[in-house]
Structure formats: structure tokens, C-alpha cells
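All remarks here apply to the structure that follows.
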Amino acid sequence: MNDQKKLARDWSRRQILKASATGAVLAASSSPMFFVKDAWAANFRNNPGNSSSVTLGFNVPQTGAYSDEGADELRAYKLAVQHLNGEGDGGMLNTMTPKSLTGNGILGKKVKFVTGDTQTKSDAARASAKRMIEKDGVLMVTGGSSSGVAIAVQGLCQENGIIFMAGLTHSNDTTGKDKKRYGFRHFFNAYMSGAALGPVLEKEYGNERKAYHLTADYTWGWTQEESMRKFTEALGWQTSKAVKTPVGAGDFSQYITPVLNSGADVLVLNHYGKDMINSLTQAVQFGLRDKQVNGKNFEIVVPLFSRLMAQGAGSNIKGILGSTNWNWSLQDAGSQAFVKSFGQAYGFPPSMAAHTCYVQTLLYANACEMAGTFNPPEVIKSLEGFSFDGMGNGPTEYRASDHQCFKNVLVVRGNMNPSSQFDLLDVVQEVPRSQVEYDPAIFGGKLGPYTV
Amino acid sequence: MDSIFLQILNGLDKGGAYALIALGLTLVFGTLGVVNFAHGAIFMLGSFCAVTTQNLLTYSKKVKDESITYFEAFKEVPYLEIWWGDTGSFIIDYKVPFSILLAIPVMLLIGLAMERGLIRHFYNRPHADQILVTFGLAIVIQEIVKSIYGANPIPVPAPAIVAGSASIGSWIGLGESVVYPWWRLIYLANALVVISAVFSFLKFTTYGMVVRAGMQDRETVGLLGIDIQRRFTVVFGMASVVVGIAGVMYTPILSPDYHMGMDFLVLSFVVVVVGGMGSLEGAVVAGFMLGVLQSFAAMNEIKSIFPGIDQIIVYLVAVIILLTRPRGLMGRKGVMED
């Protein structure tokens, strides 16, 4: 009672009125003025606000060893932007399900883009992405043709709170030990290549084989070799030797000659791009494909194939088994729609790098529409666990626990009798998603927080 | 034994390429005193002579590709095959040897144009200026080639008859299993012939004698009324032809791309330094020696003792040579020793 009297003494009526008025003003100014979904989440990096457009950053190798792949990725991105803005024939917007996109940009804002050159170098790629984020105000960064680059840019995007939709990156580490909350990969990985190839290799070459690995000495090569050894040794194959080769070695003769007398009857080339073209060409020149060892035909396996690489290797690729994320010859409606759009625009079919980049752009845009905002944590939540179809490779899911897409994987063989200059890879088997799935815990890593 | 023999062959083969490139570098340095960082780009241009020949010989008629229904696509049928059938296919198959005929005049012209148009303006400038301008030139050449031919390697296979391997083991009693690609043997033979031809030219012709005299004492030769500068310009053209032929012949081994010159350039400079700046014999000996050492270092037995030695062996040797004998293996006393 005494306390109440004391309070009344300390506060005059005038003071109470003033305080009430101030409180009312404060409450009014901090309350939402309109009541729509996520109206609170307006404060995030590069928020487009009331702008009529949004900018995406396409960070691809425009110079350097992978610039042809980068050029194809850029073609696909431009096509995706056209389709998102309601131009052209719509491509996969006509086949994607479920779909929140309407062909009216993203959340009603016209899509614009800026491009950067990664040069297939981590430092150049990070500098380019940083410029996009800080100067161009991009909402999302995507692209890349190398795992080293993808992992570097993904880390930068995580630090900056910008979503990174990875392009061509095949190392297990991208969504394994180096996974990030803000990074998403549609492309398959080395583990999935091994899981898909294993049974086909057993069927084609039996389970009593001795394999010799030549491996590119960087993150992708290491994880590719590890995965191939895991799955081939599980078949009963022995690993005769695994030799690391410097990236860009050019002449691989000194690494190939030891294979001749090693007792191995299979050579696994864990090489990609120019290295793969050179090592395969030289292995064929050394007569490995004409050799008989242990009473069997000597075989060469290239775990990761692409059509652009197959062009470089020429006829040496014929009959060689490998895996690929996607091929333009797929007959599903999504693949056909994309090949048609791309072919009409450019006069040739898209590469698997182009496909994954196109799909990634659409998936990001769709996730924004689903979330009803560009706010990254909400967009991330929309992408996590998102299941979709109609974009090639059958029903696909963005696994929430590691941001890796799971879908069918293609085992391919260099076409023995190509019917056209593009018909270089023959799809041997479309390996179902269930066969290439794995426990995310095997690669470790942590996604990190939603808010940074 | 088999693997040692094969690694020696690999080393000689690789060394042949190093020696040819280093020979051209040394010729230019010895005559004009120019450190030419564009030399690797000239090697690459040589290999693109083979690509161009291939493109010319396979110039094709576009025929609608009925197998592609999604969009209008075309396949290409070479005119040579349309006109001459099997003879046309035969000519296309022999594109690499034919491309040497194109490469010799083209590389000579490129060499002369480069020397007259750019490099002669830098004779009296510091080495740093020469390095900067020739390095810049190399980048410009690379980018031009890339804009025309793209960045991916372009396969230029050897003629089908020498596409496989020779049973070299059965020739020398090592058994049937020891094989070596025919084209690499041809490449080695070609390297030896070209090197011999260059040495014969310099040693046994009057022109070569004057050039050698000019390399020793340019001013005195000039005082005798000989236009030594013109001869040096021709030597620059000759060095371009030598490295151009090396590039052409290397295409079936390494599919050419715009960057291949840079990949060889650094190694070739190491070869020149190890051999001795300005020493032609040194460049050849060091080229073969480093090629063989590089191959041996890649043997599994060696790598199990010194992991990663294959990637540093060339530079390790260069460091040792520079520390113990700064003028190089066969360099002249007093040259590049300070």
C-alpha cells in the first residue's frame, strides 16, 4: 500500500500522459504498416525493396581452360532469364512441377543479370563474386566449372548472406565437408558417379579386375578416386595402384607407361577437362585399348564425362564408360523442352553444364516465389527438401540436410557410331536415384546458421 | 628393366620437344640478345597450323541432320570426300604431315613480321622491357587464337597407319609387351633431324658461319661490311620455323589449345638456363637431360621414396645448377655469371 502511494507520488498525471503518448508513438512506428507474409523480414543484404528489378550474378569461367563450358553456362543463364521474364518459348517453365513461377520475373520484378569471370581460379572467382555482391547488389550468385572454385565462392557467399547456386562442381566436398547453408548443388557428385557406375562395371567387365587409377591432384580428383575405389573394391576389384598427377600435366606418358607392366587390366582416369582429353588420348596411343591382360581385354573408365570433353577427345572416347549428370538426348518432356529452346537460340544442343545452370536459376526463382520474399533464410527454407519434376533426370529432391540434389544419374558410353556431331554419348543406363543416395553424415561438415 | 627403357624413351620424347623450343629461344637470345617470352606462343601457333590445315582439308558442306528433330541442326560432310571419295579421305588422314608444308612459310612470315614489326624496337632496351613486351605479345596471340578456335583442346590425330603402337620390345629382345606409340617415335626422329639440320646450317654453311661470328662479336662482323642485322632477322624467322615444326608434330600427342605455349615456355626457359644462356649445344643436352629426369621422377618406385618429386624435379635441378654453375652446363665463362 505504501509502495502504491510512493509510486503515485513519483509520477504526476502530466508525466503519465506524456509517457503514454511517447509509448503510443513508439509502438505505432515499430509495428508493421501492412500485414502481409514476411513483411518483417525486410532487412537483408541487397534487398531490392521497391525496385522494379532484381539482379542475379552469373560467375562463370570466361577465360582459362574451362571457358568453353563457361560460355555454354552463360548461354543457359541468359535463356533462363528470358524465360523467367516471360520471353521466348518458356523452356522448362512449361514442364516444371510444382511451379510457382508465372513468367513475370521473380515476385513481379524483372530479372536482370551481371556476369563475372572466374578464370577457373579460386581467388579470381571470389573477387568477381565479391564485386557482384558489393557493387552490383546481386541477390544470388551462381556458376562455376570447378569444385575448387565452387567451394571458395560458396564460402564467400555464406559470409555475405547471399545464396550460391553451384554450377558444375562434382567433388563430394561441395555438399560434404565444405557444405554451407547458403550453398546449393543441383549437379551430382563423385560418390554418386561411383554408385551409378559400380553395377554397370560389374556387368560389363566382371568382378575380378585390377584397377590402376590416375588422379588429378586436387579436391575433385581425390574424392573421385576415393569413391571409385570404394565401389569397385566392393565389387571385388583390386586396386593395383593409385597415382596422383599434377593438374595440367599435358604429357601423361610418364604416368601411363608404368600402367603397361603393372598387371592392371583397367585404367580409371580420374581426370576432367583438358587433363582427361590428354590422358585418354595418350593412353589409347600407348595401345592400352588393344592390350590383353590377365586373359581379359584392357579397359579404360572415365568416371565423369561431358559432351564438350568428348568432342575434345575425338574418336578415343568411343566405347568408354563413364557417368554424366544429364545428356541432351534424354527423352523426358523437360529435357526436350530445354534442348528445343537452347537449340533454337544457339543452333546446337546444350551441355550438361548448361543444363544444371539453367535449372539452378529456375529453382532459385521458384523458391523466392514460394517464400514470397527474397529474404535468404526464407528462400533457403523453401529450397530445403523441395521435391520437383519435369527438369530432366526424373523426380528430384533438394535434400535439406546437405543441400545436395538427388535424382537419376546417367551411365554413358562413348558412342561407337554417332549419328550426328553432337551424338557423342550413348546412355547405357539411367540409374535410379535410390541407388545413388547416401547418408549425409559420411562426409561430415556443417551447414551453418540461417542468419549471418 | 622394361619400365626403365620406356621411361628413357618418354624422356627423350619429351626432351625432344624441350630441346626444339629451347633451341629457338637460345638462337634468338644468342643472336639478337632478346629474351623472347612469346616463343611459347609461336610453338602454339605452329600447332594451330595443323589445326588450320585440318579445318581447310575438312571444309564441309552442311547437310541437314535429320536425326535431330528438336531444332534445325546440320552435319558436315567434307568437300574433299564428296569430290574425291577415298582419295579425299586419304588426304584428310595425312593432315599432320601436310600441315608442315603450311607451317614452314607461315611460321617464317610470322617470325619475320614479329621481329621487324615489334622486337627490333626493343634491342637496346633493358631485358625487363623485352620480357614485358614479349610476354604481352604472347597473351595477345593467345587471346586471338582463343577467340577464333575456342578454349577447348582440338584433337588432330596422326595418320591412321601410325596411330597405334610399335612392338619396340620385340625389336630389341625385351618381349612383346614393351610397346611405344609410333607417332612418339616419329616425333623423336623428327626432333633429331631438325636439331641436326639447325646445327649443320650453322656449322657447315657460309651463312651459318657469319651468324656464328655475329653471335661472338657483332660489331666486328658489321665492320667487315656484312649486314648482320638482316641475317639475325632471318635467324629469328628460322627459330620460328623450328619451333613451329615442333608444334605441328606435337599435335597428335597433345591436342592443341590456346594455352599450350605457356605450359612449355617456363620449362623451356629452365632448359635454356640449365644448358647455358646462348649455348645451342647446352639447350639440346639440357632439353634431353631434363626430359629424361622428369620421366624417371614420375616412376612409382622413385615417388614412393620422394613423394611429389615428379612435380619439382626440373626446378630442383635448375636451382642446383644455378647455385653450383651459374653459367649453365655448357655456357660460356662470364656469360650470365654475375
Side-chain angles (χ1 to χ4, degrees), chain A residues 61 63-71 217 241 243-246 248-251 253-258 260-262 273-274 277-278 281-282 284-288 290-291 293 308-309 311-316 328 336-337 339-349 419-423, chain B residues 2-3 6-7 9-11 13-14 17 65-76 143 146 150-158 163-167 177-184 250 252-255 257-260 263-264 294-301 303 307-308 310-311:
Chain A
T63 54
Y66 294 147
S67 57
D68 280 1
E69 268 165 337
D217 199 2
K241 192 88 189 165
V243 176
K244 305 280 186 289
T245 61
D251 186 1
S253 58
Q254 71 265 41
Y255 300 104
I256 292 170
T257 40
L260 295 168
N261 299 312
S262 65
K274 203 164 82 171
I277 291 169
N278 289 327
T281 304
Q282 290 160 17
V284 173
Q285 283 173 354
F286 269 89
L288 285 179
D290 307 322
K291 236 173 128 60
V293 182
L308 291 177
M309 267 162 53
Q311 267 171 349
S315 60
N316 298 312
W328 68 277
Q336 285 193 1
V339 173
K340 189 180 168 199
S341 294
F342 195 98
Q344 281 174 346
Y346 305 113
F348 47 84
S419 61
S420 76
Q421 57 180 315
F422 312 118
D423 185 26
Chain B
D2 294 357
S3 54
L6 286 172
Q7 290 295 13
L9 275 180
N10 280 335
D13 210 52
K14 212 185 291 283
D65 190 344
E66 304 293 345
S67 67
I68 295 173
T69 51
Y70 310 140
F71 58 93
E72 202 166 50
F74 297 91
K75 56 184 169 188
E76 299 181 340
E143 291 303 312
K146 199 183 84 175
N152 271 354
I154 301 166
V156 184
S165 300
S167 298
S177 65
V178 180
V179 296
Y180 204 71
W182 273 110
W183 190 261
R184 283 179 183 261
Y250 215 62
I253 294 172
L254 201 65
S255 298
D257 68 86
Y258 76 101
H259 201 261
M260 70 187 295
D263 298 340
F264 275 89
Q294 212 179 10
S295 292
F296 274 115
M299 288 177 74
N300 293 331
E301 293 81 358
K303 281 177 75 175
D310 53 324
Q311 300 190 34

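Proteins get letters first, then strands, A, B, ... in listed order; numbering begins at 1 in each. Side chains are part of it too, since the values below use all heavy atoms of this structure and drop only hydrogens, waters and symmetry mates.
- Chain B forms the most heavy-atom pairs under 4.5 Å with one residue out of Lys241(A), Gln285(A), Lys340(A), and that residue is Gln285(A).
- Each of Ser253(A), Gly312(A), Gly287(A), Gly314(A) has some count of heavy-atom pairs under 4.5 Å with chain B, and the biggest count is that of Ser253(A).
- Highest contact tally toward chain B, considering only Pro349(A), Ser341(A), Ala71(A), is held by Pro349(A) [criterion: heavy-atom pairs under 4.5 Å].
- Looking at Asp251(A), both its backbone and its side chain come within 4.5 Å of chain B, counting heavy atoms on both sides.
- For Ser255(B) (side chain) and Pro153(B) (main-chain N/O), no donor-acceptor pair under 3.5 Å exists by modelled atom type.
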CA sep, side-chain torsions, deciding dist, call: Arg184(B), Phe286(A), side chain to side chain contact (heavy atoms under 4.5 Å, CB included):
CA-CA 10 Å; Arg184(B) 283 179 183 261; Phe286(A) 269 89; 3.6 Å; yes
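- Although no hydrogens or angles enter the test, the distance criterion places no donor-acceptor pair under 3.5 Å between the side chain of Trp182(B) and the main chain of Ala158(B).
- For chain B, the nearby part of Phe422(A) is the side chain; its heavy atoms alone come within less than 4.5 Å.
- When each of Lys303(B), His259(B), Gln294(B) is checked for heavy-atom pairs under 4.5 Å with chain A, Lys303(B) comes out on top.
- Summarising the geometry of Val179(B) relative to Leu6(B), their closest heavy-atom pair is O-CD2, 3.4 Å, with the distance given to 0.1 Å.
- The closest side-chain heavy-atom distance from Pro246(A) to Gln311(B) is below 4.5 Å.
- Counting heavy-atom pairs under 4.5 Å between each of Gly343(A), Ala313(A), Ser262(A) and chain B puts Gly343(A) at the top.
- Between Gln254(A) and Asp310(B) there is no side-chain heavy-atom pair separated by less than 4.5 Å.
- Of the atoms belonging to Gln344(A), heavy atoms from both backbone and side chain fall under 4.5 Å from chain B.
- Each of Glu301(B), Gln7(B), Met299(B) was scored for a side-chain contact (heavy atoms from CB on, under 4.5 Å) with Pro258(A), with one residue passing: Gln7(B).
- Using a 4.5 Å cut-off between heavy atoms, Lys244(A) contacts chain B through its backbone alone, with no side-chain atom that close.
- Using a 4.5 Å cut-off between heavy atoms, Leu308(A) contacts chain B through both its backbone and its side chain.
- In this structure, the portion of Tyr250(B) lying under 4.5 Å from any heavy atom of chain A is its side chain and not its backbone.
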Carefully, step by step, assess Leu254(B) and Gln282(A) under the rule side chain to side chain contact (heavy atoms under 4.5 Å, CB included).
CA-CA 8 Å; Leu254(B) 201 65; Gln282(A) 290 160 17; 3.6 Å; yes
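- When the candidates Ile256(A), Ile277(A), Asp423(A), Asn316(A) are compared by the number of heavy-atom contacts under 4.5 Å with chain B, Ile277(A) comes out ahead.
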